[in-house]
Amino acid sequence: MDTAFIPKDHESSMYALWEQNNAFQPDLKSTKKPFSILLPPPNANASLHAGHAMYVIEDILVRWKRMQGYPTVWIPGTDHAGYETQYVYEKQLSKQGKSRFEFDRQTLYDDVAAFVKQNSGLIEEQLKVLGFSLDWSRKTFMLDEKVIRIVYSTFEKLVKDGLVYRDNYIVNFCPKCGTTFADLEVNHIERKDPLYYIKYGPFTIATVRPETKFRDVALAAHPKDPRYKKWIGKKVEVLGLLGPVSMTVLADEGVDPKFGTGIMKVTPAHDPHDFALGKKHNLPVDSIIDTRGRMDFSWYLNTHNEKNTEVKYLDRAKKYHGKSVKDMRVLMLEDLKQDGILEKIDENYTHSVAVCYKSDHDIEPLVLPNWFIRMKPLAEPAMKAAKEGLVTFVPKRFEKQYYQWLEKFIDWPISRQIVWGIRIPVWYSVKENPDLEVTFLNAKHERVIGKVSELLAQHNTMQEITDGLQQLRASANAKFVVSDKKPGEEYLPETDTFDTWFSSGQWPLTTLDYPNGKDFKTFYPTSVLDTMWDILFFWVARMIMFGLYMTGEVPFKTVYLHSMVTDEKGQKMSKSKGNVINPIEIVNEFGADALRISLVAGSTPGNPIALSKEKVKGYRNFGNKLWNIGRYILLQHEAGTKIIALPKKLDKEHATILKSLSSTVKYITSALEKYRFSDAALRLHGFVWDECANTYLEKTKSNTDGGETFTTLVRVFTTSLKLLHPFMPFVTESIWQEFSKTHLVDEPLLMTAEWPKSV
RNA sequence: GGCCGCUUAGCUCAGUUGGUUAGAGCGUCCGGUUUACAUCCGGCAGGUCGGGGGUUCGACUCCCUCAGCGGCCACCA
């Protein structure tokens with residue numbers, strides 16, 4: 001044995017040893033209650049970051065339960081991570097000077113799939129480096145056939161139960177990414193933007209979005225506002241940049257009299273607040289910005305001409321048409337000034353702006369047909385389950401956050417206008433829906449956009465459209481068929497894919513193979529779900545909802561929300577700050593065991609854990625300490641010291657350490673039961689280093705007895721190895737193997753050795 | 001604006017229902033070279049537990065309040 005424990009020399013061979021012994025697979029012969037955990041699936045093309053290393057919590061639980069003799073499984077998998085992945089791929093495309101619009105759906109999908117395949121596998125290897133005892137024979141990828149089958153069956157049930165609907169609704173649309181996002185996926189940032197005060201008939205209104213004024217359909221003021229009370233219900237004439245329009249002044253409690261001038265313009269098509277107001281007052285929804293973020297004046301140009309409109313107005317509409325929102329503001333500012341209706345600009349106005357979480361582009365609220373899921377019928381049982389204690393949260397305070405989000409019942413827009421994901425299994429008949437708008441690449445590889453009936457009437461065939469299809473847009477009331485296969489020749493597929501969280505929200509069902517899989521019957525509901533608190537709503541809440549909806553049972557009984565790993569100063573790691581710690585580098589320098597226990601010791605769930613090299617180094621030294629206690633024992637053994645049957649009556653020094661061992665066993669087991677991993681790690685550290693090594697071992701070095709000292713030390717140490725194994729599997733197993741060679745221990749693998757019983 | 005968390009030794013943090021001299025690791029300082037380990041051993045120093053008030057026989061722990069930091073949700077026409 002080397003004088004120091006060199007992790008690199010042991011880690012991969014120990015992992016291989018466990019795998020050879022199928023030690024990661026559950027022992028289903030046991031009649032004890034199964035214990036199961038699902039690994040939160042990392043992105044398939046990701047590489048390991050410090051957050052993934054926190055899954056050590058799961059490994060600790062799983063290794064502990066396995067040693068206790070429960071049929072235990074920890075199932076790995078990877079996520080296709082829908083838009084996250086497509087975004088990375090598109091970035092690569094753009095470096096080559098290409099864009100996704102040059103490809104039909106199928107080609108683009110295949111290309112992304114190849115890209116993911118090329119980059120996947122790394123994370124798996126890295127999880128093994130950390131020593132995670134995952135059952136690789138059960139690994140699942142989010143686009144596996146069985147996953148799609150289950151996701152489709154869930155969707156079908158939702159449709160059948162009336163929980164899926166299509167609607168024109170104001171959604172968060174990112175013009176840069178070309179897709180809708182859920183509220184959760186939108187970031188809000190503080191920003192200074194000009195606030196324009198514009199003369200508006202008899203009033204002045206204040207707005208940051210002057211470009212939408214062309215589609216204002218009403219004005220609104222607070223019903224009690226004395227300045228506007230007399231106008232309520234009246235029609236007013238407003239001279240706009242494109243001529244006079246008339247609209248009604250509405251009363252609404254939602255209008256803040258203190259903002260701007262106290263009266264607002266209502267543009268239901270481009271503002272969530274206005275949209276709601278429009279619904280309430282039954283106002284039309286007229287849009288002026290398209291999905292690429294361009295001004296669309298065709299509604300005006302189609303109905304206005306030289307005969308019925310002033311040339312000045314027509315010229316303006318032509319000038320504005322097709323301009324980006326940004327350019328539009330510049331253009332119209334000149335015209336507002338020219339017409340003398342720009343009163344002033346407040347340049348110091350700060351407000352919060354919705355931006356895309358991925359591209360940082362301003363979110364454009366647009367009214368588009370989208371697929372939605374009704375949340376109330378799903379959320380109510382999910383709340384009830386927590387209230388009844390069927391799901392518990394560690395730490396408890398997150399239960400409140402969980403309720404606060406669920407009880408809003410905000411319907412979930414599940415469709416994304418991207419290809420990388422599970423396509424919504426819906427088909428539209430072109431006969432029943434002649435107005436379907438399709439975008440496709442024709443045989444000459446030209447991009448064609450138009451109504452399907454018109455295209456077919458001209459020279460395009462169904463085959464050509466199907467082959468080159470990029471996107472299909474059906475009106476909110478289009479007739480559709482839900483089916484995993486094409487129902488007939490005259491059908492075109494829905495091109496939207498499910499939000500990633502729609503499929504990952506069914507992870508417990510898909511990994512365990514609901515409803516007839518053996519694993520489902522054995523391991524559902526799973527025991528614990530461990531993840532970070534940032535995806536409590538995205539993921540955890542959705543799994544609970546889908547689990548209850550499909551099976552009537554919660555998917556897991558405990559939700560453990562582990563620490564966020566920060567740098568040594570407690571600052572969030574980020575590429576821009578340059579303080580990202582790569583766990584693989586830490587492992588290379590100090591070993592996986594040291595990293596593992598460093599993440600656990602001194603951390604509490606729901607709070608950040610600061611990771612510093614100094615700390616890891618300290619635990620690397622602890623691993624070395626263990627190794628050397630092992631060496632000491634082996635040297636004694638080689639010198640001929642034997643294990644004996646201990647007499648009932650022992651000298652005080654032996655009795656004391658054995659008593660302390662017994663209380664440590666009890667303490668560790670109870671700490672693990674209570675998810676108090678830090679307590680357990682710190683106690684073990686103190687017990688082994690101080691009590692066992694520095695006190696007992698040192699004081700008994702010169703003992704010459706019949707084997708009492710040696711036997712006691714071996715018992716204390718091997719029991720400690722067992723207790724430490726979930727935390728530091730490599731070094732403990734390495735020592736165990738050395739002991740096994742010389743028959744100091746009977747059980748061939750520490751990993752599957754029996755957990756010490758507390759006396 | 002609503003909800004939540006954090007503030008304990010120089011640093012990073014524990015401290016389970018209120019109960020004897022408040023703990024750990026790292027760091028500082030002092031001292032140790034015979035083979036288990038210098039990735040070691042022994043020892044010292046260091047905290048009015050963010051400020052103020054209250055409940056209690058007793059408060060780091062419970063309540064109120066103030067301040068600073070952080071998170072989540074909502075949202076600003």
Side-chain angles (χ1 to χ4, degrees), chain A residues 1-6 183-184 188 190-191 193 195-196 205-210 212-213 216 219-221 252 254-256 258-267 270-274 277 349-354 395-405 407-408 410 533-534 536-537 563-564 566-572 590-591 594 597-598 601-604 606-636 670-671 674-676 678-679 681-683 685-686 689-690 693-694 697-698 701 713 717:
Chain A
M1 275 173 91
D2 294 317
T3 58
F5 177 70
I6 316 290
D183 289 349
L184 276 176
H188 294 271
E190 287 276 299
R191 200 168 70 194
D193 276 317
L195 180 63
Y196 303 90
I205 52 116
T207 179
V208 285
R209 307 259 355 228
T212 61
K213 79 190 286 276
D216 296 346
L219 283 154
D252 198 276
V255 180
D256 179 4
K258 289 194 279 295
F259 184 88
T261 55
I263 186 159
M264 60 177 276
K265 67 193 195 63
V266 184
T267 324
H270 296 291
D271 183 276
H273 179 257
D274 292 15
L277 219 147
Y349 175 63
T350 308
H351 64 151
S352 123
V353 187
K396 201 163 176 11
R397 65 186 148 89
F398 284 99
E399 189 177 324
K400 197 165 180 179
Q401 265 193 35
Y402 170 80
Y403 294 138
Q404 279 176 353
W405 184 69
E407 68 199 6
K408 286 185 304 198
I410 294 176
W533 61 79
D534 59 341
L536 183 64
F537 306 140
S563 301
M564 176 176 74
T566 66
D567 74 1
E568 57 200 314
K569 287 173 197 148
Q571 297 213 308
K572 204 167 173 171
F590 302 107
I597 193 163
S598 295
S603 84
T604 44
N607 293 322
I609 168 84
L611 182 62
S612 71
K613 278 198 174 189
E614 286 308 306
K615 183 176 183 183
V616 183
K617 192 172 156 190
Y619 282 105
R620 186 269 318 259
N621 296 353
F622 179 52
N624 190 58
K625 189 77 192 174
L626 290 169
W627 180 252
N628 274 289
I629 298 169
R631 276 185 69 213
Y632 176 83
I633 289 171
L634 281 169
L635 290 172
Q636 306 268 307
S670 122
K674 289 183 281 192
Y675 302 98
R676 301 188 68 88
S678 175
D679 285 357
L682 294 172
R683 170 76 174 249
H685 182 266
W689 204 321
D690 296 335
N694 293 353
L697 191 151
E698 288 298 335
K701 264 185 176 169
L713 181 60
F717 185 59

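Every chain is numbered from 1, with letters handed out A, B, ... down the list of sequences.
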Tell me what A/Phe537 touches on the nucleic acid: a base, only sugar-phosphate, or nothing, going by heavy atoms under 4.0 Å.
-> sugar-phosphate
Minimum heavy-atom distance A/Thr350-A/Glu190, with the two atoms named = CG2-OE1, 3.6 Å
P spacing across the pair B/U7 / B/U12, given as an integer number of angstrom | 12 Å
Checking only heavy atoms, does the side chain of A/His273 share a donor-acceptor pair with the base of B/C75 at less than 3.5 Å?
-> no
For A/Thr267 against A/Asp216, the heavy-atom pair lying closest together | OG1-OD1, 2.7 Å
Sub-3.5 Å pairs of nitrogen or oxygen atoms, protein against nucleotides 3-5 of chain B:
from : atom 1 : to       : atom 2 : distance (Å)
B/C3 : O3'    : A/Lys400 : NZ     : 3.2
B/C3 : O2'    : A/Gln404 : NE2    : 2.9
B/C4 : OP1    : A/Lys400 : NZ     : 2.9

Which pair of non-hydrogen atoms, one from A/Gly570 and one from A/Ala610, has the smallest distance, and what is that distance?
-> N-CB, 4.2 Å
For nucleotides B/C13 and B/U21, find the distance between their C1' atoms and express it as a whole number of Å.
-> 23 Å
If the C1' atom of B/U28 is compared with that of B/G46, how far apart are they to the nearest Å?
-> 9 Å
Name the nucleic acid region contacted by A/Val255, choosing base, sugar-phosphate or nothing; use a 4.0 angstrom heavy-atom cut-off, strictly under.
-> base
Determine the interatomic distance between C1' on B/A24 and the same-named atom on B/U8; round to the nearest Å.
-> 13 Å
In whole angstrom, what separates A/Asp271's CG from B/C75's P?
-> 11 Å
Rounded to the nearest angstrom, tell me the gap between atom CG in A/Asp567 and atom C1' in B/C11.
-> 13 Å
Could you check whether the rings of A/Tyr619 and A/Phe622 sit parallel, tilted or perpendicular, using 30° and 60° as the cut-offs?
-> perpendicular
Mind running side chain to side chain contact (heavy atoms under 4.5 Å, CB included) on A/Asp271 and A/Thr212 for me, showing each step along the way?
-> CA-CA 9 Å; A/Asp271 183 276; A/Thr212 61; over 6 Å; no
Between the side chain of A/Ser563 and the main-chain N/O of A/Thr604, is any donor-acceptor distance below 3.5 Å?
-> yes
Expressed as a whole number of Å, how far does the C1' atom of B/U16 sit from that of B/U61?
-> 11 Å
Whole-Å distance, A/Lys572 NZ to B/G71 P, equals 7 Å
Closest non-hydrogen atom pair between A/Trp627 and A/Phe5, with its separation = CD1-N, 3.4 Å
In whole angstrom, give the distance that lies between atom CG of A/Asp252 and atom P of B/C76.
-> 13 Å
Could you tell me whether the side chain of A/Asp2 and the main chain of A/Ala4 form a donor-acceptor pair under 3.5 Å?
-> no
Could you tell me whether the side chain of A/Lys615 and the main chain of A/Ala601 form a donor-acceptor pair under 3.5 Å?
-> yes
Kindly determine whether A/Leu195 and A/Phe259 satisfy side chain to side chain contact (heavy atoms under 4.5 Å, CB included), including the steps that lead there.
-> CA-CA 11 Å; A/Leu195 180 63; A/Phe259 184 88; 4.2 Å; yes
For the student: nearest non-hydrogen atoms of A/Gly602 and A/Leu682, plus distance = N-CD1, 4.2 Å
Contact string for nucleotides 27-39 of chain B, one letter per nucleotide 5' to 3', B = base within protein heavy-atom range under 4.0 Å, S = sugar-phosphate only, - = neither, reads ---------BB-B
For B/G1 and B/U65, measure between their P atoms and round to the nearest Å.
-> 16 Å
So which one's nearest nucleotide on RNA chain B is more toward 5', A/Thr604 or A/Ala206?
-> A/Thr604
Where the side chain of A/His188 is concerned, which of B/C75, B/C13, B/C73 is the nearest nucleotide?
-> B/C75
Nearest non-hydrogen partners of A/Arg397 and A/Gly606, listed with the distance | NH2-O, 3.3 Å
Which part of the nucleic acid, if any, lies within reach of A/Gly602 when heavy atoms closer than 4.0 Å are counted: base, sugar-phosphate only, or nothing?
-> sugar-phosphate
A/Ile597 has an atom CD1; how far is it from atom P of B/A14, in whole Å?
-> 16 Å
Between the main-chain N or O of A/Tyr196 and the side-chain N or O of A/Thr207, is there a donor-acceptor pair closer than 3.5 Å?
-> no
How is the base pairing of RNA chain B summarised as a dot-bracket string, given the Watson-Crick and G-U wobble criteria with both distances under 3.5 Å, [ ] for crossing and | for another strand?
-> (((((((..((((.....[...))))..((((.......))))......(((((..]....))))))))))))....
In whole angstrom, give me the gap between the C1' atoms of B/G50 and B/C69.
-> 11 Å
May I ask you to verify if any side-chain N or O of A/His685 is less than 4.0 angstrom from the OP1 or OP2 atom of B/A24?
-> no
Spacing of the C1' atoms in B/G51 and B/G15 (rounded, Å) = 22 Å
Just how far, in rounded Å, is C1' of B/C75 from NZ of A/Lys258?
-> 15 Å
If you look at every strand shown and take non-hydrogen atoms under 4.0 Å, does A/Ser603 touch a base, only sugar-phosphate, or nothing?
-> nothing
A/Leu277 has an atom CG; how far is it from atom C1' of B/C75, in whole Å?
-> 15 Å
Rounded to whole Å, CG of A/Leu184 lies from C1' of B/C75 at a distance of 15 Å
Describe the nucleic acid contact of A/Leu219 in one word from base, sugar-phosphate, nothing, applying a heavy-atom distance below 4.0 Å.
-> nothing
Starting from the C-alpha separation in whole Å, work towards a yes-or-no answer on side chain to side chain contact (heavy atoms under 4.5 Å, CB included) for A/Asp274 and A/Met264.
-> CA-CA 10 Å; A/Asp274 292 15; A/Met264 60 177 276; 3.1 Å; yes
Counting any heavy atom closer than 4.0 Å, what does A/Ser352 reach on the DNA or RNA strands: base, sugar-phosphate only, or nothing?
-> base
